[in-house]
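Here's the structure we're looking at; comments come further down.
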Amino acid sequence: MFQKIVASVVTAMFVASCTAVSGSYPSEGYAPIPGSITYGGQPRTKITKSPIGSSFPHTFTDQTGREVEEIYIIQPDRTLLIAQRHYRPFLAWSRN
């Protein structure tokens with residue numbers, strides 16, 4: 001009986017410590033780098049026609065020559081949050 005109680009408490013603590021959110025991203029986002037849309041501050045023009053929470057990609061080449069893809073999310077105040085950043089490899093064997 002005691003083992004079942006201990007196992008239940010340990011399982012409850014484990015489940016309570018887990019936070020799984022589908023599509024989660026850092027709340028502050030990534031720091032902008034040269035080439036990012038938000039590098040040097042938010043854009044002067046607000047995105048007014050896109051729905052809040054929608055996302056869009058932006059691809060550019062950074063200062064070291066690597067190709068970077070960032071995913072932006074439109075916040076409730078119409079600012080942009082960098083939710084994801086992917087560096088593409090120098091040698092892409094699948095490209096023609």
Side-chain angles (χ1 to χ4, degrees):
M1 178 73 172
F2 182 71
Q3 291 175 342
K4 288 183 179 180
I5 293 173
V6 170
S8 298
V9 169
V10 169
T11 302
M13 289 174 50
F14 177 73
V15 170
S17 67
C18 294
T19 55
V21 178
S22 176
S24 64
Y25 54 89
S27 59
E28 298 102 26
Y30 291 90
I33 59 175
S36 298
I37 294 174
T38 56
Y39 186 73
Q42 291 288 327
R44 293 181 186 215
T45 58
K46 299 285 183 179
I47 301 171
T48 57
K49 294 185 180 181
S50 298
I52 292 171
S54 62
S55 63
F56 64 93
H58 171 63
T59 304
F60 60 94
T61 304
D62 71 358
Q63 66 271 18
T64 62
R66 294 184 295 178
E67 192 173 346
V68 182
E69 180 181 33
E70 294 181 334
I71 307 293
Y72 293 86
I73 295 180
I74 301 173
Q75 299 296 297
D77 62 353
R78 299 290 179 180
T79 58
L80 299 177
L81 172 76
I82 304 172
Q84 294 179 9
R85 180 178 292 145
H86 303 282
Y87 292 93
R88 296 190 179 160
F90 281 112
L91 301 174
W93 300 107
S94 63
R95 293 183 185 173
N96 294 329

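All values below come from the heavy atoms of this structure, side chains included, with hydrogens, waters and symmetry mates left out. All of these numbers come straight from a predicted model, not from anything done at the bench.
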Practice item. Please report the C-alpha distance between T59 and E67 in whole Å, then the side-chain angles of each, then the deciding distance to 0.1 Å, and finally whether the side-chain hydrogen bond (donor to acceptor under 3.5 Å, both in side chains) criterion is met. Key: CA-CA 7 Å; T59 304; E67 192 173 346; 5.2 Å; no
Review point. In Å, rounded to the nearest 0.5 Å, how long is the span from CD1 of I52 to CZ of R78?
Key: 4.5 Å
Review point. Can you tell me how far the CD1 atom of I33 sits from the OG1 atom of T64, to the nearest 0.5 Å?
Key: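 Answer rounded to 0.5 Å: 8.0 Å.
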Point to revise | Test: R88 and E69 ion pair at under 4.0 Å | key: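 Here R88 pairs with E69 in a salt bridge, since their nearest N and O are under 4.0 Å apart.
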Quick check: do [X] and [Y] have side-chain heavy atoms less than 4.5 Å from each other?
X: S36; Y: F60; answer: yes
X: I37; Y: F56; answer: yes
X: L80; Y: Q75; answer: no
X: Y72; Y: I82; answer: yes
X: P34; Y: D62; answer: no

Check your understanding: Would you say Y39 has more than 12 foreign heavy atoms packed within less than 6.0 Å of its OH?
Key -> no
Exercise for review: Scan for side chain to side chain donor-acceptor pair (under 3.5 Å) pairs involving residues 41-58, sequence neighbours excluded, and state none if there are none.
Suggested key: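 Sorted result for residues 41-58: empty, none.
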Point to revise | Closest heavy-atom pair and its distance - G53, I73 | key: O-CG2, 3.9 Å
